[in-house]
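Presented below is the structure to which this report refers.
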Amino acid sequence: MDDGGRWFADLERETVMASAALICDTEPWKDLTEHVNAIEKTHLRDLMNDVDRCQSMMVEIDGILLDYSRQRVRLDTMEKLLKLAEAARLRQKIDRMYNGDHINSTENRSVLHIALRAPRDKVICSDGKNVVPDVWYVLDKIKEFSERVRSGSWVGATGKALKDVVAIGIGGSFLGPLFVHTTLQTDPEAADCARGRQLRFLANVDPVDVARNISGLNPETTLVVVVSKTFTTAETMLNARTMREWISSALGIQAVAKHMVAVSTNLMLVEKFGIDPANTFAFWDWVGGRYSVCSAVGVLPLSLQYGFPIIEKFLNGASNIDNHFYSASFERNLPVLLGLLSVWNVTFLGYPARAILPYSQALEKFAPHIQQVSMESNGKGVSIDGIPLPFEAGEIDFGEPGTNGQHSFYQLIHQGRVVPCDFIGSIKSQQPIYLKGEVVSNHDELMSNFFAQPDALAYGKSPEQLLQDNVPDRLVTHKTFSGNRPSLSLLLPSLDAYNTGKLLAIYEHRIAVEGFIWGINSFDQWGVELGKVLASQVRKQLHLSRTKREPVQGFNFSTTTLLTRYLEVEPGTPSDATILPRV
Ligand code: F6P
């Protein structure tokens, strides 16, 4: 056998070994596939009548109540899902994560975002080294720096206090911090600490985003935080150069030292960019971008806005769930239950999407954050060993705060496609309002919808009921609701920093559970690379065509036509002078 033949034989052997390990080849998987037939014969209307069943599907942990009785599951479904968890070696996989094993095998890295919120005295090792002291070194540095900025002892180049912060970053270096900021903005305690300060996020490379972000800001009182794990992301780096120009054109290049700081794992590139290493806040390869909100990525801009003590509460909330996820039995483990139910919905019942529906305006940016955590983590087509999956993994996440969503896409989820829904509510409002003479307070009005929608989805309305209500025959089918549409409800005590941290960690771990069950690598993201490579070819072409009038070359007919059309119009930006937005 020649080398090529041997290589193929090896590959074949490895493929066979690995595919034998696919979760879909196990007995619990096959059992669940058969079990779908039994569930197809049930309706949530009937399942909801079984009070013992419903009782066992309520799980309360430290004030957070999960009710999954409106999932299309019976008690034996849950037993079967727990057997699937065993077959997937879920316990061992969680342990490996907490032990710092390189479970992100394609990048040869540990996955230790749990260390970012661990107490000082905890020992969590990556490659034999306890990483917790490094974490706290950076947290202490953030605490000290943010206090100096907030108190006015760190001032800008003209001696003025820095009261506005623009955080530049995209993806994981943006969405998590934006979610937490949006949530805390109206929490009374956090809002008090943020008085007189502004935090803005510049993510899109669209110059319009720059224009909107600098609108109304004065470079003299603005601090720019460049957040990038790699410090190579094209969008972030161009935005960072743009903001550097905005500062230096107003205050001189020496002002950059006082007005720009960075968060990155790539300290060398930060220094090359011109940011003082002393003003750089590190994190590490074992923190995935979308899992980085508890690192300096989120903690620095959020501490500048709210003060470190508030953000420490957020970290403590996440840490509380880390302990719960690690130690609670799977039957009472929030992330495990949620993860198993998602697998059941996506893979066995064949519902590809999930709607995240917070009945809270403060959680306005929760769905966009979870979109990245979930879809970048689990949007994979091969197993962790590289074997194509013969089943669907990953889910399509979208969402809007209730009640806005009700007036937008709920039509589809009530009468069109079946989309399992996560209803998230808070017992206490951050900003209560009651108008004398109204039937209920404004928060009770909001929450009436939170409690009603899950039942509307589960029970529906039958043609018989409609006829009883004297609905004309011709409208009966239009007005019928099939019901039997699954949802779950998560009721939080309040939306303060602590509970926000808990909510974040519940979803992070839920997504990891799904990936562990499907047997994929939830911690890499190769799918984002190809588009970046093609964009850099286009960038080269645009440069040559704009500066040397070179014709479009090397692209297919479609792209050539579009590019040619685009280049026909003069851009309105000279190639030999700097232009900044004028808003
Ligand atoms: O979109 C791909 C990605 O690598 C994400 O995973 C990451 O969160 C984002 O880009 C930003 O990367 P960085 O923090 O390195 O700028």
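Remember, it's 1-based here, ligands and their atoms both numbered in the order they're listed. Predicted, not measured: the structure shown is a model, and the values here were computed from it.
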> Which residues pass the side-chain contact (heavy atoms from CB on, under 4.5 Å) test with Gln361, sequence neighbours left out?
Replying inline: Glu364, Pro401, Asn404
Nearest to [atom], what protein heavy atom do you find, and at what distance?
atom: atom 15 (O) of ligand 1; value: Thr230 OG1, 2.6 Å
atom: atom 8 (O) of ligand 1; value: Gly172 N, 2.7 Å
atom: atom 4 (O) of ligand 1; value: Lys532 NZ, 4.0 Å
atom: atom 12 (O) of ligand 1; value: Thr233 OG1, 3.4 Å

> Could you state the interatomic distance from CD1 (Ile356) to CZ (Phe398), rounded to the nearest 0.5 Å?
Replying inline: 9.5 Å
N/O donor-acceptor pairs under 3.5 Å from side chains in residues 291-301, not counting sequence neighbours:
from	atom 1	to	atom 2	distance (Å)
Tyr291	OH	Ser377	OG	2.7
Ser292	OG	Gly172	O	3.4
Ser292	OG	Gly289	O	2.5
Ser295	OG	Ser292	O	2.6
Ser295	OG	Val297	N	3.1

> Between Trp136 and Phe308, how do the two ring planes meet: parallel, tilted or perpendicular, split at 30° and 60°?
Replying inline: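 Trp136 vs Phe308 ring planes: perpendicular.
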>> Distance under 4.0 Å to a non-hydrogen atom of Gln372: what atoms of ligand 1 satisfy this?
In response: 5 (C), 6 (O), 8 (O)
>> I need the atoms of ligand 1 closer than 4.0 Å to a non-hydrogen atom of Ile170, numbered in the order shown.
In response: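 By the 4.0 Å cutoff, the relevant atoms are 9 (C), 11 (C).
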> When the ring centroid of Tyr306 is compared with that of His181, is the distance short of 6.0 Å?
Replying inline: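 That pair passes the under 6.0 Å test.
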>> For Phe281 together with Phe145, are the ring centres under 6.0 Å from each other?
In response: yes
>> Taking distance alone, with N or O pairs closer than 3.5 Å, would you say Gln525 contacts ligand 1?
In response: no
>> Can you check which of Met237, Glu529, Arg290, Glu376 brings a heavy atom nearest to atom 6 (O) of ligand 1?
In response: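 Closest candidate by heavy-atom distance is Glu376.
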> What do we get for Val528 next to ligand 1 when only non-hydrogen atoms under 4.0 Å count, side chain, backbone, both or neither?
Replying inline: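 Answer for Val528: side chain.
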> Heavy-atom distance from atom 10 (O) of ligand 1 to the protein below 4.0 Å?
Replying inline: no
>> Assess the residue pair Asp322 and His509 against the criterion (side-chain hydrogen bond (donor to acceptor under 3.5 Å, both in side chains)); give the C-alpha distance rounded to whole Å, side-chain angles, the decisive distance to 0.1 Å, and a yes or no.
In response: CA-CA 8 Å; Asp322 294 339; His509 295 322; 2.7 Å; yes
